[in-house]
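Atoms considered below: every heavy atom in the structure, side chains included; atoms not considered: hydrogens, waters and symmetry mates.
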Amino acid sequence: MSGNPLAYPIISALKDGRLYADDDSKKVFIKGTDGKVVDASNGQAVATLPDSASAVRLNNRLRRTIDAALGSLTLLSPDASVRIQAAQSVFKSHEESSLAPLDAALKNETNDTARKALTGARAAVVLFKADASEADKLDAIATIRARGDQEALALLSGLPGDAPPAVARAATAAMASIKGNLALWSTVQNAWYGLSLGSVLLLAAIGLAITFGVMGVINMAHGEMVMVGAYTTFVVQETIRTSYPAAFDYSLLIAVPLAFVVAGAIGVLIERTIIRFLYGRPLETLLATWGLSLILQQAVRTIFGPNNREVGNPSWMSGAFDLGHITITYNRLWILCFALAVFIILLAMLRFTRLGLEMRAVTQNRRMAASMGIATSRVDALTFGLGSGIAGIAGVALSQIDNVSPNLGQSYIIDSFMVVVFGGVGNLWGTLVGAFTLGIANKFLEPAAGAVLGKIAILVLIILFIQKRPRGLFALKGRAVDA
(Lines give C-alpha, C1' and ligand atoms only; values in the text may rest on other atoms or scores of the structure.)
Protein backbone atom coordinates (compact mmCIF):
# COMPACT_ATOMS: atom_id res chain seq x y z
CA MET A 1 0.00 0.00 0.00
CA SER A 2 1.45 3.35 -1.04
CA GLY A 3 -0.25 5.39 1.67
CA ASN A 4 -1.11 8.10 -0.86
CA PRO A 5 -4.28 9.89 0.31
CA LEU A 6 -5.57 9.91 -3.27
CA ALA A 7 -5.34 6.12 -3.56
CA TYR A 8 -8.81 5.44 -2.21
CA PRO A 9 -10.60 8.19 -4.20
CA ILE A 10 -8.91 7.05 -7.42
CA ILE A 11 -9.71 3.36 -6.98
CA SER A 12 -13.23 4.12 -5.77
CA ALA A 13 -13.83 6.34 -8.81
CA LEU A 14 -12.46 3.61 -11.07
CA LYS A 15 -14.92 1.12 -9.61
CA ASP A 16 -17.89 3.49 -9.99
CA GLY A 17 -17.02 4.59 -13.54
CA ARG A 18 -16.05 8.11 -12.43
CA LEU A 19 -12.38 7.93 -13.44
CA TYR A 20 -11.61 9.63 -16.78
CA ALA A 21 -8.43 9.56 -18.90
CA ASP A 22 -7.52 12.26 -21.43
CA ASP A 23 -5.21 11.03 -24.21
CA ASP A 24 -4.45 14.57 -25.40
CA SER A 25 -3.15 15.95 -22.11
CA LYS A 26 -2.08 12.55 -20.72
CA LYS A 27 -3.96 13.29 -17.51
CA VAL A 28 -6.42 11.38 -15.36
CA PHE A 29 -9.40 13.02 -13.69
CA ILE A 30 -11.79 12.07 -10.90
CA LYS A 31 -15.42 13.10 -11.25
CA GLY A 32 -17.02 13.35 -7.82
CA THR A 33 -20.52 12.20 -6.94
CA ASP A 34 -21.39 15.90 -6.68
CA GLY A 35 -20.22 16.54 -10.27
CA LYS A 36 -17.00 18.33 -9.34
CA VAL A 37 -13.82 17.32 -11.19
CA VAL A 38 -10.29 17.03 -9.73
CA ASP A 39 -6.91 16.14 -11.19
CA ALA A 40 -6.04 12.61 -10.01
CA SER A 41 -2.31 13.41 -9.86
CA ASN A 42 -2.53 16.15 -7.27
CA GLY A 43 -6.14 16.43 -6.13
CA GLN A 44 -6.51 19.98 -7.45
CA ALA A 45 -9.93 21.08 -8.63
CA VAL A 46 -10.51 21.38 -12.40
CA ALA A 47 -13.09 23.72 -13.90
CA THR A 48 -14.48 21.26 -16.47
CA LEU A 49 -13.78 17.79 -17.72
CA PRO A 50 -11.97 17.92 -21.11
CA ASP A 51 -14.14 16.98 -24.07
CA SER A 52 -11.56 14.41 -25.17
CA ALA A 53 -11.60 12.60 -21.80
CA SER A 54 -13.31 9.22 -21.66
CA ALA A 55 -14.27 6.95 -18.77
CA VAL A 56 -11.82 4.18 -17.91
CA ARG A 57 -13.53 0.86 -18.52
CA LEU A 58 -13.12 -2.32 -16.48
CA ASN A 59 -13.46 -6.03 -17.06
CA ASN A 60 -14.65 -8.54 -14.46
CA ARG A 61 -11.14 -9.57 -13.47
CA LEU A 62 -10.15 -5.97 -12.74
CA ARG A 63 -13.34 -5.37 -10.76
CA ARG A 64 -12.40 -8.23 -8.46
CA THR A 65 -8.91 -6.78 -7.97
CA ILE A 66 -10.35 -3.33 -7.31
CA ASP A 67 -12.72 -4.71 -4.66
CA ALA A 68 -9.74 -6.25 -2.90
CA ALA A 69 -7.74 -3.03 -3.14
CA LEU A 70 -10.60 -0.95 -1.75
CA GLY A 71 -11.04 -3.41 1.07
CA SER A 72 -7.35 -3.29 1.96
CA LEU A 73 -7.31 0.52 1.90
CA THR A 74 -10.15 0.78 4.40
CA LEU A 75 -9.26 -2.06 6.77
CA LEU A 76 -7.63 0.41 9.16
CA SER A 77 -10.39 3.00 9.00
CA PRO A 78 -11.35 4.53 12.38
CA ASP A 79 -15.01 3.79 11.52
CA ALA A 80 -15.96 0.22 12.54
CA SER A 81 -18.70 0.01 9.89
CA VAL A 82 -16.16 0.91 7.18
CA ARG A 83 -13.78 -1.78 8.45
CA ILE A 84 -16.57 -4.35 8.40
CA GLN A 85 -17.52 -3.40 4.83
CA ALA A 86 -13.87 -3.61 3.82
CA ALA A 87 -13.58 -7.08 5.36
CA GLN A 88 -16.66 -8.16 3.39
CA SER A 89 -15.02 -6.99 0.16
CA VAL A 90 -11.85 -8.92 0.96
CA PHE A 91 -13.88 -12.01 1.83
CA LYS A 92 -15.47 -11.98 -1.62
CA SER A 93 -12.27 -11.25 -3.53
CA HIS A 94 -9.89 -13.28 -1.24
CA GLU A 95 -6.88 -11.62 -2.87
CA GLU A 96 -3.58 -12.79 -1.39
CA SER A 97 -2.25 -9.21 -1.29
CA SER A 98 -4.83 -8.40 1.41
CA LEU A 99 -3.33 -10.83 3.93
CA ALA A 100 -0.77 -8.42 5.41
CA PRO A 101 -3.29 -5.55 5.86
CA LEU A 102 -5.69 -8.03 7.46
CA ASP A 103 -3.09 -9.18 9.96
CA ALA A 104 -2.26 -5.58 10.80
CA ALA A 105 -5.93 -4.72 11.26
CA LEU A 106 -6.57 -7.75 13.48
CA LYS A 107 -3.77 -6.77 15.86
CA ASN A 108 -5.50 -3.52 16.76
CA GLU A 109 -9.15 -4.53 16.38
CA THR A 110 -11.31 -4.08 19.50
CA ASN A 111 -14.79 -4.22 17.99
CA ASP A 112 -16.18 -7.78 18.23
CA THR A 113 -18.26 -7.56 15.05
CA ALA A 114 -15.39 -6.09 13.06
CA ARG A 115 -12.96 -8.69 14.45
CA LYS A 116 -15.32 -11.47 13.39
CA ALA A 117 -15.57 -10.00 9.88
CA LEU A 118 -11.79 -9.58 9.63
CA THR A 119 -11.21 -13.15 10.84
CA GLY A 120 -13.59 -14.46 8.19
CA ALA A 121 -11.86 -12.41 5.50
CA ARG A 122 -8.45 -13.72 6.56
CA ALA A 123 -9.77 -17.30 6.45
CA ALA A 124 -11.00 -16.72 2.88
CA VAL A 125 -7.58 -15.44 1.81
CA VAL A 126 -5.75 -18.35 3.51
CA LEU A 127 -8.07 -20.93 1.94
CA PHE A 128 -7.17 -19.79 -1.58
CA LYS A 129 -3.50 -19.06 -0.82
CA ALA A 130 -1.40 -21.44 -2.88
CA ASP A 131 1.39 -21.98 -0.35
CA ALA A 132 -0.77 -22.16 2.79
CA SER A 133 -0.40 -25.34 4.81
CA GLU A 134 -3.11 -27.98 4.92
CA ALA A 135 -3.68 -27.33 8.63
CA ASP A 136 -4.16 -23.61 8.01
CA LYS A 137 -6.66 -24.33 5.25
CA LEU A 138 -8.60 -26.71 7.50
CA ASP A 139 -8.75 -24.01 10.18
CA ALA A 140 -9.90 -21.53 7.53
CA ILE A 141 -12.70 -23.87 6.45
CA ALA A 142 -13.83 -24.19 10.07
CA THR A 143 -13.96 -20.39 10.37
CA ILE A 144 -15.90 -20.04 7.11
CA ARG A 145 -18.25 -22.83 8.16
CA ALA A 146 -19.00 -20.96 11.39
CA ARG A 147 -20.02 -17.95 9.31
CA GLY A 148 -22.65 -20.13 7.64
CA ASP A 149 -24.22 -17.74 5.12
CA GLN A 150 -24.72 -17.79 1.35
CA GLU A 151 -21.42 -16.00 0.75
CA ALA A 152 -19.57 -18.64 2.77
CA LEU A 153 -21.30 -21.37 0.73
CA ALA A 154 -20.38 -19.65 -2.54
CA LEU A 155 -16.76 -19.27 -1.40
CA LEU A 156 -16.43 -22.95 -0.49
CA SER A 157 -18.07 -24.09 -3.72
CA GLY A 158 -15.43 -22.13 -5.65
CA LEU A 159 -12.55 -24.06 -4.10
CA PRO A 160 -10.15 -25.31 -6.83
CA GLY A 161 -10.45 -28.94 -7.87
CA ASP A 162 -6.78 -29.63 -7.11
CA ALA A 163 -7.21 -28.99 -3.37
CA PRO A 164 -5.73 -31.65 -1.02
CA PRO A 165 -8.17 -34.52 -0.29
CA ALA A 166 -8.53 -33.60 3.39
CA VAL A 167 -9.30 -30.00 2.50
CA ALA A 168 -11.80 -31.06 -0.17
CA ARG A 169 -13.57 -33.39 2.29
CA ALA A 170 -13.70 -30.69 4.94
CA ALA A 171 -15.09 -28.21 2.40
CA THR A 172 -17.76 -30.70 1.30
CA ALA A 173 -18.80 -31.35 4.90
CA ALA A 174 -18.85 -27.63 5.61
CA MET A 175 -21.06 -26.96 2.57
CA ALA A 176 -23.50 -29.68 3.66
CA SER A 177 -23.64 -28.17 7.15
CA ILE A 178 -24.17 -24.64 5.80
CA LYS A 179 -26.94 -25.81 3.45
CA GLY A 180 -28.75 -27.48 6.34
CA ASN A 181 -28.33 -24.39 8.49
CA LEU A 182 -29.56 -22.11 5.71
CA ALA A 183 -32.60 -24.35 5.15
CA LEU A 184 -33.43 -24.05 8.84
CA TRP A 185 -33.07 -20.27 8.78
CA SER A 186 -35.17 -20.15 5.61
CA THR A 187 -37.93 -21.88 7.55
CA VAL A 188 -37.55 -19.37 10.37
CA GLN A 189 -37.64 -16.51 7.87
CA ASN A 190 -40.84 -17.83 6.27
CA ALA A 191 -42.37 -18.19 9.72
CA TRP A 192 -41.45 -14.58 10.54
CA TYR A 193 -42.89 -13.34 7.25
CA GLY A 194 -46.02 -15.36 8.02
CA LEU A 195 -46.33 -13.79 11.48
CA SER A 196 -45.84 -10.38 9.92
CA LEU A 197 -48.55 -11.01 7.33
CA GLY A 198 -50.75 -12.55 10.03
CA SER A 199 -50.50 -9.40 12.16
CA VAL A 200 -51.64 -7.32 9.17
CA LEU A 201 -54.55 -9.70 8.52
CA LEU A 202 -55.46 -9.63 12.22
CA LEU A 203 -55.64 -5.84 12.24
CA ALA A 204 -57.69 -5.77 9.05
CA ALA A 205 -60.07 -8.57 10.10
CA ILE A 206 -60.63 -8.04 13.82
CA GLY A 207 -63.08 -5.18 13.32
CA LEU A 208 -64.92 -7.17 10.67
CA ALA A 209 -65.17 -10.13 13.07
CA ILE A 210 -67.04 -7.93 15.55
CA THR A 211 -69.58 -6.46 13.10
CA PHE A 212 -70.06 -9.73 11.25
CA GLY A 213 -70.45 -11.71 14.46
CA VAL A 214 -72.78 -9.38 16.36
CA MET A 215 -74.82 -7.95 13.50
CA GLY A 216 -74.55 -10.59 10.79
CA VAL A 217 -73.75 -7.79 8.33
CA ILE A 218 -71.53 -8.52 5.32
CA ASN A 219 -69.78 -5.16 5.22
CA MET A 220 -68.02 -4.78 1.87
CA ALA A 221 -67.04 -1.22 2.85
CA HIS A 222 -64.87 -2.45 5.74
CA GLY A 223 -61.73 -2.06 3.62
CA GLU A 224 -62.60 1.59 3.05
CA MET A 225 -62.55 2.15 6.83
CA VAL A 226 -58.96 0.91 6.71
CA MET A 227 -58.35 3.39 3.90
CA VAL A 228 -59.87 6.21 5.98
CA GLY A 229 -57.45 5.42 8.80
CA ALA A 230 -54.50 5.49 6.42
CA TYR A 231 -55.52 8.87 4.97
CA THR A 232 -56.06 10.22 8.49
CA THR A 233 -52.43 9.31 9.16
CA PHE A 234 -51.40 11.14 6.01
CA VAL A 235 -53.29 14.29 7.05
CA VAL A 236 -51.77 14.18 10.54
CA GLN A 237 -48.25 13.81 9.17
CA GLU A 238 -48.74 16.58 6.62
CA THR A 239 -49.98 18.92 9.36
CA ILE A 240 -47.02 18.05 11.57
CA ARG A 241 -44.54 18.43 8.69
CA THR A 242 -45.75 21.93 7.89
CA SER A 243 -46.45 23.26 11.38
CA TYR A 244 -44.64 21.13 13.99
CA PRO A 245 -41.80 19.25 12.26
CA ALA A 246 -40.04 18.50 15.56
CA ALA A 247 -43.03 16.37 16.63
CA PHE A 248 -42.91 14.03 13.62
CA ASP A 249 -41.84 11.04 15.73
CA TYR A 250 -45.14 11.37 17.62
CA SER A 251 -47.27 11.47 14.47
CA LEU A 252 -48.47 7.88 14.71
CA LEU A 253 -49.31 8.25 18.39
CA ILE A 254 -51.51 11.18 17.43
CA ALA A 255 -52.95 9.44 14.36
CA VAL A 256 -54.10 6.27 16.16
CA PRO A 257 -56.86 7.87 18.32
CA LEU A 258 -57.83 10.27 15.54
CA ALA A 259 -58.17 7.44 13.02
CA PHE A 260 -60.28 5.48 15.51
CA VAL A 261 -62.60 8.44 16.09
CA VAL A 262 -62.92 9.40 12.39
CA ALA A 263 -63.49 5.85 11.10
CA GLY A 264 -65.73 5.02 14.06
CA ALA A 265 -67.89 8.10 13.49
CA ILE A 266 -68.25 7.23 9.81
CA GLY A 267 -69.17 3.68 10.82
CA VAL A 268 -71.92 4.86 13.19
CA LEU A 269 -73.23 7.19 10.48
CA ILE A 270 -73.33 4.31 7.97
CA GLU A 271 -75.17 2.06 10.43
CA ARG A 272 -77.73 4.72 11.33
CA THR A 273 -78.44 5.80 7.75
CA ILE A 274 -78.08 2.58 5.71
CA ILE A 275 -77.47 -0.65 7.60
CA ARG A 276 -80.33 -0.31 10.12
CA PHE A 277 -82.88 -0.56 7.32
CA LEU A 278 -81.36 -3.73 5.85
CA TYR A 279 -81.12 -6.14 8.80
CA GLY A 280 -82.15 -9.66 7.85
CA ARG A 281 -81.53 -8.95 4.15
CA PRO A 282 -77.92 -10.07 3.60
CA LEU A 283 -77.89 -9.70 -0.19
CA GLU A 284 -79.17 -6.12 -0.06
CA THR A 285 -76.66 -5.34 2.72
CA LEU A 286 -73.80 -6.72 0.64
CA LEU A 287 -74.82 -4.71 -2.42
CA ALA A 288 -75.39 -1.52 -0.41
CA THR A 289 -72.03 -1.66 1.34
CA TRP A 290 -70.29 -2.54 -1.92
CA GLY A 291 -71.81 0.54 -3.54
CA LEU A 292 -70.83 2.55 -0.48
CA SER A 293 -67.24 1.35 -0.83
CA LEU A 294 -67.14 2.72 -4.39
CA ILE A 295 -68.55 6.06 -3.20
CA LEU A 296 -65.91 6.30 -0.44
CA GLN A 297 -63.13 5.46 -2.87
CA GLN A 298 -64.28 8.11 -5.31
CA ALA A 299 -64.62 10.66 -2.51
CA VAL A 300 -61.02 10.05 -1.50
CA ARG A 301 -59.89 10.35 -5.11
CA THR A 302 -61.69 13.67 -5.37
CA ILE A 303 -60.20 15.05 -2.14
CA PHE A 304 -56.66 13.63 -2.23
CA GLY A 305 -56.21 12.61 -5.86
CA PRO A 306 -55.73 9.14 -7.37
CA ASN A 307 -51.97 8.90 -6.76
CA ASN A 308 -50.25 7.24 -3.81
CA ARG A 309 -49.62 9.49 -0.84
CA GLU A 310 -46.38 9.49 1.12
CA VAL A 311 -46.57 8.45 4.75
CA GLY A 312 -43.21 8.37 6.54
CA ASN A 313 -41.83 6.12 9.24
CA PRO A 314 -40.94 7.73 12.57
CA SER A 315 -37.34 7.17 13.63
CA TRP A 316 -38.34 4.48 16.12
CA MET A 317 -39.97 2.47 13.32
CA SER A 318 -37.13 2.87 10.82
CA GLY A 319 -34.24 0.50 10.23
CA ALA A 320 -33.76 -3.19 10.92
CA PHE A 321 -31.65 -5.61 12.89
CA ASP A 322 -30.21 -9.05 12.14
CA LEU A 323 -31.28 -12.13 14.02
CA GLY A 324 -29.10 -15.01 12.93
CA HIS A 325 -29.38 -15.10 9.14
CA ILE A 326 -32.65 -13.17 8.87
CA THR A 327 -33.32 -9.44 8.92
CA ILE A 328 -36.20 -8.08 10.98
CA THR A 329 -37.46 -4.59 10.20
CA TYR A 330 -38.63 -2.45 13.08
CA ASN A 331 -41.84 -1.37 11.35
CA ARG A 332 -43.01 -4.97 10.93
CA LEU A 333 -42.04 -5.80 14.50
CA TRP A 334 -43.93 -2.80 15.87
CA ILE A 335 -47.00 -3.69 13.80
CA LEU A 336 -46.96 -7.22 15.22
CA CYS A 337 -46.78 -5.82 18.76
CA PHE A 338 -49.49 -3.27 17.93
CA ALA A 339 -51.83 -5.93 16.53
CA LEU A 340 -51.45 -8.07 19.65
CA ALA A 341 -52.00 -5.03 21.87
CA VAL A 342 -55.22 -4.14 20.00
CA PHE A 343 -56.37 -7.75 20.34
CA ILE A 344 -55.73 -7.82 24.10
CA ILE A 345 -57.44 -4.45 24.69
CA LEU A 346 -60.46 -5.50 22.63
CA LEU A 347 -60.64 -8.82 24.45
CA ALA A 348 -60.54 -7.02 27.81
CA MET A 349 -63.22 -4.59 26.65
CA LEU A 350 -65.56 -7.42 25.65
CA ARG A 351 -64.88 -9.23 28.91
CA PHE A 352 -64.97 -6.47 31.53
CA THR A 353 -67.17 -3.61 30.22
CA ARG A 354 -70.93 -3.24 30.06
CA LEU A 355 -70.82 -2.69 26.30
CA GLY A 356 -68.80 -5.88 25.92
CA LEU A 357 -71.34 -7.81 27.97
CA GLU A 358 -74.20 -6.46 25.89
CA MET A 359 -72.35 -7.23 22.66
CA ARG A 360 -71.78 -10.82 23.74
CA ALA A 361 -75.43 -11.16 24.74
CA VAL A 362 -76.65 -9.84 21.39
CA THR A 363 -74.17 -12.08 19.56
CA GLN A 364 -75.41 -15.24 21.28
CA ASN A 365 -79.15 -14.53 21.31
CA ARG A 366 -80.48 -11.23 20.00
CA ARG A 367 -84.14 -11.83 20.93
CA MET A 368 -83.36 -12.90 24.48
CA ALA A 369 -81.02 -9.91 24.92
CA ALA A 370 -83.78 -7.56 23.76
CA SER A 371 -86.29 -9.15 26.13
CA MET A 372 -83.84 -8.54 29.00
CA GLY A 373 -83.88 -4.80 28.31
CA ILE A 374 -80.76 -4.43 26.16
CA ALA A 375 -81.21 -1.77 23.48
CA THR A 376 -80.04 -3.90 20.57
CA SER A 377 -80.24 -1.02 18.09
CA ARG A 378 -77.84 1.02 20.25
CA VAL A 379 -75.52 -1.99 20.57
CA ASP A 380 -75.61 -2.42 16.79
CA ALA A 381 -74.62 1.20 16.20
CA LEU A 382 -71.81 1.12 18.78
CA THR A 383 -70.62 -2.25 17.50
CA PHE A 384 -70.46 -1.04 13.91
CA GLY A 385 -68.66 2.09 15.08
CA LEU A 386 -66.21 0.02 17.14
CA GLY A 387 -65.47 -2.32 14.24
CA SER A 388 -64.99 0.62 11.89
CA GLY A 389 -62.76 2.40 14.41
CA ILE A 390 -60.53 -0.65 14.74
CA ALA A 391 -60.34 -0.80 10.95
CA GLY A 392 -59.25 2.84 11.06
CA ILE A 393 -56.33 2.16 13.41
CA ALA A 394 -55.46 -0.83 11.21
CA GLY A 395 -55.08 1.74 8.42
CA VAL A 396 -52.58 3.66 10.57
CA ALA A 397 -50.43 0.53 10.83
CA LEU A 398 -50.82 -0.43 7.18
CA SER A 399 -49.76 3.05 6.08
CA GLN A 400 -46.27 2.16 7.32
CA ILE A 401 -45.85 -0.86 5.05
CA ASP A 402 -48.21 -0.32 2.11
CA ASN A 403 -49.10 2.39 -0.39
CA VAL A 404 -51.68 4.86 0.86
CA SER A 405 -54.09 5.02 -2.06
CA PRO A 406 -57.86 4.84 -2.67
CA ASN A 407 -57.47 1.10 -3.38
CA LEU A 408 -55.73 0.28 -0.10
CA GLY A 409 -58.75 -1.33 1.54
CA GLN A 410 -59.56 -3.52 -1.46
CA SER A 411 -56.26 -5.33 -1.00
CA TYR A 412 -57.37 -6.72 2.37
CA ILE A 413 -61.16 -7.12 2.31
CA ILE A 414 -61.19 -10.61 0.79
CA ASP A 415 -58.43 -11.85 3.07
CA SER A 416 -60.29 -10.37 6.04
CA PHE A 417 -63.44 -12.33 5.22
CA MET A 418 -61.36 -15.48 4.78
CA VAL A 419 -59.82 -14.99 8.24
CA VAL A 420 -63.20 -14.38 9.89
CA VAL A 421 -64.91 -17.36 8.25
CA PHE A 422 -61.96 -19.68 8.86
CA GLY A 423 -61.52 -18.69 12.50
CA GLY A 424 -65.20 -18.65 13.41
CA VAL A 425 -67.65 -15.79 12.95
CA GLY A 426 -67.63 -13.40 15.90
CA ASN A 427 -64.90 -15.23 17.84
CA LEU A 428 -61.83 -13.09 18.52
CA TRP A 429 -59.61 -16.04 19.40
CA GLY A 430 -60.65 -17.65 16.13
CA THR A 431 -59.73 -14.44 14.30
CA LEU A 432 -56.31 -14.44 15.98
CA VAL A 433 -55.58 -18.09 15.16
CA GLY A 434 -57.07 -17.76 11.67
CA ALA A 435 -55.02 -14.68 10.80
CA PHE A 436 -51.68 -16.16 11.86
CA THR A 437 -52.50 -19.59 10.40
CA LEU A 438 -53.38 -18.15 7.00
CA GLY A 439 -50.44 -15.75 7.10
CA ILE A 440 -47.89 -18.48 7.85
CA ALA A 441 -49.48 -20.96 5.41
CA ASN A 442 -49.44 -18.34 2.67
CA LYS A 443 -45.74 -17.54 3.16
CA PHE A 444 -44.78 -21.23 3.11
CA LEU A 445 -46.79 -21.86 -0.06
CA GLU A 446 -45.51 -18.81 -1.96
CA PRO A 447 -41.94 -20.10 -2.58
CA ALA A 448 -43.27 -23.35 -4.03
CA ALA A 449 -46.40 -22.24 -5.86
CA GLY A 450 -45.96 -18.50 -6.37
CA ALA A 451 -47.98 -15.65 -4.89
CA VAL A 452 -51.12 -16.09 -7.02
CA LEU A 453 -51.30 -19.89 -6.93
CA GLY A 454 -50.50 -19.78 -3.22
CA LYS A 455 -53.56 -17.61 -2.54
CA ILE A 456 -55.70 -19.86 -4.72
CA ALA A 457 -54.49 -22.91 -2.81
CA ILE A 458 -55.32 -21.23 0.50
CA LEU A 459 -58.82 -20.37 -0.76
CA VAL A 460 -59.42 -23.96 -1.89
CA LEU A 461 -58.25 -25.32 1.44
CA ILE A 462 -60.56 -22.96 3.32
CA ILE A 463 -63.52 -24.01 1.16
CA LEU A 464 -62.77 -27.67 1.91
CA PHE A 465 -62.36 -26.88 5.60
CA ILE A 466 -65.68 -25.01 5.77
CA GLN A 467 -67.38 -28.04 4.21
CA LYS A 468 -66.34 -30.01 7.28
CA ARG A 469 -66.69 -27.22 9.87
CA PRO A 470 -69.22 -24.66 8.62
CA ARG A 471 -68.79 -22.50 11.73
CA GLY A 472 -65.02 -22.29 11.51
CA LEU A 473 -62.32 -23.25 13.96
CA PHE A 474 -64.01 -21.75 17.02
CA ALA A 475 -67.79 -21.78 16.69
CA LEU A 476 -69.71 -19.50 19.09
CA LYS A 477 -71.99 -21.42 21.41
CA GLY A 478 -75.57 -20.22 21.67
CA ARG A 479 -75.99 -18.87 18.16
CA ALA A 480 -78.31 -21.73 17.26
CA VAL A 481 -80.81 -20.42 19.82
CA ASP A 482 -81.04 -17.21 17.82
CA ALA A 483 -81.64 -18.96 14.52
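Arg122 forms no cation-pi arrangement with Phe91, by the criterion of a distance under 6.0 Å to the ring centre and an angle within 45° of the ring axis.
Salt-bridge annotation for Arg309 and Glu238: absent, with no side-chain N of the basic residue lying under 4.0 Å from a carboxylate O of the acidic one. In summary, Glu151 and Lys92 engage in a salt bridge, as defined by a charged side-chain N under 4.0 Å from a carboxylate O.
Between Trp429 and Phe343, the ring-plane angle classifies as perpendicular under the 30° and 60° cut-offs.
Counting only distance, with no hydrogens or angles, the side chain of Ser388 and the backbone of Gly385 share no donor-acceptor pair below 3.5 Å. The backbone N or O of Thr239 lies less than 3.5 Å from a partner atom in the side chain of Thr242, making a donor-acceptor pair. A donor-acceptor pair under 3.5 Å links the side-chain atoms of Thr143 to the main chain of Asp139, judged by distance alone. Put simply, the side chain of Ser177 never gets that close to the backbone of Ala173: no donor and acceptor are under 3.5 Å apart. Thr289 places a side-chain N or O within donor-acceptor distance of the main-chain N or O of Met220, the cut-off being under 3.5 Å. Distance alone, capped at 3.5 Å, places no donor-acceptor pair between the Ser186 side chain and the Leu182 backbone. Here the side chain of Thr353 pairs no donor or acceptor atom with the backbone of Leu350 at under 3.5 angstrom. A donor-acceptor contact shorter than 3.5 Å links the side chain of Ser293 to the backbone of Trp290. With hydrogens and angles ignored, the 3.5 Å screen pairs a side-chain donor or acceptor of Thr285 with a backbone N or O of Leu278. Distance alone, capped at 3.5 Å, places no donor-acceptor pair between the Glu358 side chain and the Ile374 backbone.
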From CA spacing to verdict: side chain to side chain donor-acceptor pair (under 3.5 Å), Asn331, Gln400:
CA-CA 7 Å; Asn331 59 353; Gln400 300 299 296; over 6 Å; no

Would Ile413 and Phe417 satisfy side chain to side chain contact (heavy atoms under 4.5 Å, CB included), going step by step from the backbone distance to the final call?
CA-CA 6 Å; Ile413 184 64; Phe417 274 109; 3.5 Å; yes

Apply side chain to side chain contact (heavy atoms under 4.5 Å, CB included) to Leu336 and Phe436, showing your working.
CA-CA 11 Å; Leu336 175 60; Phe436 285 117; 3.9 Å; yes

Please step through side chain to side chain contact (heavy atoms under 4.5 Å, CB included) for the pair Leu296 and Val228, ending with a clear verdict.
CA-CA 9 Å; Leu296 289 173; Val228 167; 5.5 Å; no

Show your working on side chain to side chain contact (heavy atoms under 4.5 Å, CB included) between Val200 and Arg332 and close with a plain yes or no.
CA-CA 9 Å; Val200 172; Arg332 291 278 184 177; 4.0 Å; yes

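Ring centroids of Tyr250 and Tyr244 are separated by 6.0 Å or more, keeping the two rings apart.
No side-chain donor-acceptor contact under 3.5 Å links Ser318 and Asn313. Using modelled atom types and a 3.5 Å distance limit, the side chains of Asn219 and Thr211 yield no donor-acceptor pair.
Tested against Leu438, the residues Leu197, Ile462, Leu202 include a single side-chain contact (heavy atoms from CB on, under 4.5 Å) partner, Ile462.
Within a 6.0 Å sphere centred on CZ of Phe248, other residues, nucleotides and ligands contribute more than 12 heavy atoms. For Trp185, the CH2 atom sits in a packed shell: over 12 heavy atoms of surrounding residues, nucleotides or ligands are nearer than 6.0 Å. For Arg301, the CZ atom counts as densely surrounded, since its 6.0 Å shell holds more than 12 non-hydrogen atoms of other residues, nucleotides or ligands.
Of all heavy-atom pairs spanning His222 and Ala391, the tightest one is CE1-CB, 3.5 Å.
Asn190 has its side chain out of reach of Ile440: every pair of non-hydrogen atoms, C-beta onward, lies at least 4.5 Å apart.
In this structure, the side chain to side chain donor-acceptor pair (under 3.5 Å) partners of Gln410, at least two apart in sequence or on a different chain, are Glu224. A search for ring pair (Phe, Tyr, Trp, His ring centres under 6.0 Å) contacts involving Trp192 returns nothing, not counting sequence neighbours.
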Extract all donor-acceptor atom pairs below 3.5 Å that involve side chains of residues 112-120 and protein atoms in other chains or at least two apart in sequence.
residue : atom : partner : partner atom : Å
Arg115  : NH2  : Leu106  : O            : 2.6
Arg115  : NH2  : Glu109  : O            : 3.1
Thr119  : OG1  : Arg115  : O            : 2.7

